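What follows is a short report on a single structure.
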There are 2 protein chains.
Amino acid sequence: MGATVTSRALAILGAFDGEHRSLSLTDLARRAGLPLATAHRLVGELQRWGALAREPNGEYVIGRRIWQLGLLAPVQSGLRQAASPFLHDLYGTTLATVHLAVRDGLQVLYVERLAGHVSVPVVSRVGSRLPMHATGVGKVLLAYAPEEVRMEVLQNLTRITAYTVTQPARLLEQLRRVRAEGYSTTGEEMSLGACSVAVPVRSGDTVVAALGMVVPDLRRQLPRLVSALQVAAHGIGRTLTGDPSIQWK
Amino acid sequence: MGATVTSRALAILGAFDGEHRSLSLTDLARRAGLPLATAHRLVGELQRWGALAREPNGEYVIGRRIWQLGLLAPVQSGLRQAASPFLHDLYGTTLATVHLAVRDGLQVLYVERLAGHVSVPVVSRVGSRLPMHATGVGKVLLAYAPEEVRMEVLQNLTRITAYTVTQPARLLEQLRRVRAEGYSTTGEEMSLGACSVAVPVRSGDTVVAALGMVVPDLRRQLPRLVSALQVAAHGIGRTLTGDPSIQWK
DNA sequence: GACGCTCCTTCCGCTCAGTGGAAGAAGAGT
DNA sequence: ACTCTTCTTCCACTGAGCGGAAGGAGCGTC
C-alpha cells in the first residue's frame with residue numbers, strides 16, 4: 001500500500017475528476033482513502049501553495065497554480081499549436097463541434113475541441129478519454145494503430161448505445177474501409193442523436209492524430225464535411241512536418 | 001524554510017515555468033533547492049503518478065495528469081465561457097490573434113487566446129503572465145486598476161524592445177487617453193513586428209478583463225478593429241452580468 | 001584507452017517529520 | 001436544547017524520509 005507522503009498528497013489531487021470538480025474536506029479524505037486529520041493537513045499545504053483553492057462555500061477545487069502548470073505540459077503542444085487555426089477555420093465553415101484527438105494506450109484522448117452552437121449531445125471534453133471503437137476519431141486512430149493495439153481493443157468492445165459496433169469482424173471491416181477511403185464515420189454509436197466523421201492527421205507517413213466533427217445527421221452533407229476535414233488535416237500535417245518536435249512518447 | 005515532504009514535492013513542480021518547460025534531474029534539484037538524492041526520489045514518485053513525464057532525452061516535463069487536472073480548475077471559468085463565442089466571432093471577422101486577459105497582481109494573466117494564421121510574433125500564451133506596461137490588454141487593465149497598483153507598476157517600467165514606454169509620465173498620459181477613448185494600442189513595445197489594440201470588458205461598472213488583438217500593423221484598420229472589439233467586449237459584459245459567479249478572488 | 005567530467009541511481013542507519021486517534025469547535029437541521 | 005455532520009487542533013509515538021557517500025553510465029579530450 002502506498003504510504004509515502006507524496007503519494008498521499010497526490011491521492012488528494014487525484015480525487016478530483018470530471019464529475020467531481022469541487023469536493024469537501026470529508027469527501028476528499030474519503031476519496032483519497034486517508035484519515036480526516038491527515039487529509040486536513042495535506043490539503044492545507046496544497047492550498048497554501050496554490051494547488052488547491054477554496055470556494056466561498058468551503059469546498060476545495062483545483063487551484064490556479066495547477067492550471068498554469070498544466071498549460072506547460074507538452075501534451076501534444078506542437079500538435080495543438082499547429083492545429084489551432086485550422087480548427088477555427090473548420091468551425092467557421094461548418095459550425096459543427098470540432099475535435100482533435102490522439103491515441104493514448106487503448107483509448108482516445110481529446111486534446112482540443114471547439115464546441116458548436118448546434119445542440120448535439122457531445123460527450124467529449126478536452127482532457128477526457130473515450131473508447132476507440134465508438135467514436136469517429138477513435139476509429140481513425142484504431143485503423144492506423146499498431147496491430148497489437150488493434151487486437152487488444154477488439155477483445156473488449158463494450159456496448160454503449162444500441163448502435164455501438166460490438167462485433168470484432170464488423171469493426172475490422174469498418175477499419176479496412178477507413179484505410180481505403182480516408183475517413184471514418186459513426187452513427188449514434190457513442191450517444192444517441194450524434195453522428196461523427198473523422199480523418200487522420202499525418203506528419204510524413206505516420207498518423208499522429210485524428211480530426212473529427214460531430215453533427216446531428218450525416219447523410220446529406222457527408223462529402224462536403226469530409227473534404228473540409230481533409231483540407232484542414234492536410235494543413236495541420238504540413239505545419240507539423242515543419243516542426244521538429246511532435247510529442248509522442 | 002519549508003521542510004515538509006509535500007512542500008518539497010511542490011517545490012519540484014514549481015521549478016517549471018514558461019522558460020523552463022523541461023528540466024534535467026540536476027536542474028530540478030537545484031531549482032527546487034533540494035539535495036540530489038532527495039529530488040531523485042521525489043521525482044520518481046511524481047513520475048510514477050503521472051505528474052511528471054520523462055522525455056526521450058531524459059529531461060523531465062510536466063505530465064499529462066497535471067494537464068488533465070488543470071483543465072478542471074475553475075480559473076475564470078465563468079468569464080471564459082461567456083467570452084468564448086465572442087472570441088470566435090471576433091476571430092472570424094478579423095482573422096487576427098485574439099486575447100482575453102485579466103490582471104493578476106502587477107501582471108497580465110492571459111486566460112484565453114485564439115491564434116491566427118498570420119505570422120505575427122506573439123509572445124503571450126494562455127496561462128502566461130506578461131508585464132502590464134508593454135501590452136495592449138495590460139494598458140487597459142492598468143488604466144482601470146486601483147491607484148496603488150498603477151503607482152507600483154510605474155516604478156518599474158522595464159524596457160523590452162526599443163519602443164517600450166519606460167517613462168512614467170508618458171505612460172500615465174497614455175493611460176489617461178485609454179480611459180478617455182475607450183481603447184489602448186501598442187506598437188512593437190513587447191515584440192518587434194507586433195502591434196495590438198485592446199478594450200476593457202465591463203461587468204456592470206467594474207472592468208473585469210481586457211480583450212485584445214495582435215496584428216502586424218495598425219494604421220489603416222484601427223477604427224474597424226476597435227469597433228469590432230468593443231462590440232465583442234460589450235457582448236461579453238452583457239453575458240457576464242447575467243451570470244452570478246464571476247471568479248475573481 | 002585511460003582520464004576527467006557531469007549527470008544519474010542506489011544504499012543504509014539515524015532522526016525528526018508525519019501520523020492519526022481523540023477531543024473540541026462550529027454550524028445546520030429538527 | 002438536542003443531535004448530526006463537518007471542520008480544526010493537539011500531541012506523543014514511530015517508521016518514513018533524509019541525504020552523504022559510493023557506485024554506475026555516458027561522453028568528450030588528450
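Note that the structure is a prediction, hence the values are computed from the model and not measured. Numbered from 1 within each chain, the chains take letters A, B, ... in sequence-line order.
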Original post:
Could you give the CD-to-P distance, from Q47(B) to dT9(C), as a whole number of Å?
Top reply: 9 Å
Original post:
Quick one: E45(B) CD to dA16(D) P, roughly how many Å, whole number?
Top reply: 12 Å
Subject >> Pair E189(A) + K139(A), salt bridge at N-O below 4.0 Å >> reply: yes
Original post:
Within less than 4.0 Å of OP1 or OP2 of dT19(C), is there a side-chain N or O belonging to R8(A)?
Top reply: yes
**OP:** Figure out the CZ/C1' separation between R30(B) and dG19(D), and round it to whole Å.
**Re:** 18 Å
Subject >> OP1 or OP2 of dT8(D) under 4.0 Å from side-chain N/O of H40(A) >> reply: yes
**OP:** Examine dC8(C): is either OP1 or OP2 under 4.0 Å from a nitrogen or oxygen in the side chain of T26(B)? Give yes or no.
**Re:** yes
Original post:
For A37(A) and L42(B), take the nucleotide of DNA chain D holding the closest heavy atom to each; which residue's nucleotide lies nearer the 5' end?
Top reply: A37(A)
Original post:
What's the spacing between L25(A) CG and Y60(A) OH if we round to 0.5 Å?
Top reply: 5.5 Å
Subject >> Rounded distance in Å - CZ (R54(A)) to C1' (dC7(D)) >> reply: 8 Å
Subject >> Euclidean distance, atom CD1 of residue I12(A) to atom C1' of dT19(C) [Å, nearest integer] >> reply: 13 Å
Subject >> Presence of T38(B) side-chain N/O under 4.0 Å of dG19(D) phosphate oxygens OP1/OP2 >> reply: yes
Original post:
Which whole-number value in Å describes the distance from R48(A) CZ to dT8(D) P?
Top reply: 12 Å
Original post:
Can the positive tip of R202(B) be found less than 6.0 Å from the middle of the six-membered ring of Y144(B), inside 45° of the ring normal?
Top reply: yes
Subject >> Sugar-phosphate, base or nothing in reach of L34(B), heavy atoms under 4.0 Å >> reply: nothing
Subject >> Which nucleotide in dG20(D), dA16(D), dC7(D) has an atom nearest any side-chain atom of V5(A) >> reply: dA16(D)
**OP:** Could you tell me whether the side chain of L109(B) reaches within less than 4.5 Å of the side chain of R64(A), counting heavy atoms only?
**Re:** yes
Subject >> Side-chain ion pair, R48(B) and E45(B), N-O less than 4.0 Å >> reply: no
**OP:** Please state how far atom CG in L25(A) lies from atom P in dC7(D), giving the value in whole angstrom units.
**Re:** 5 Å
**OP:** Kindly say if R41(B) contacts the phosphate of dG17(D), meaning a side-chain N or O under 4.0 Å from OP1 or OP2.
**Re:** no
Subject >> Atom-to-atom span, CG of L36(A) to P of dA25(C) - whole angstrom >> reply: 17 Å
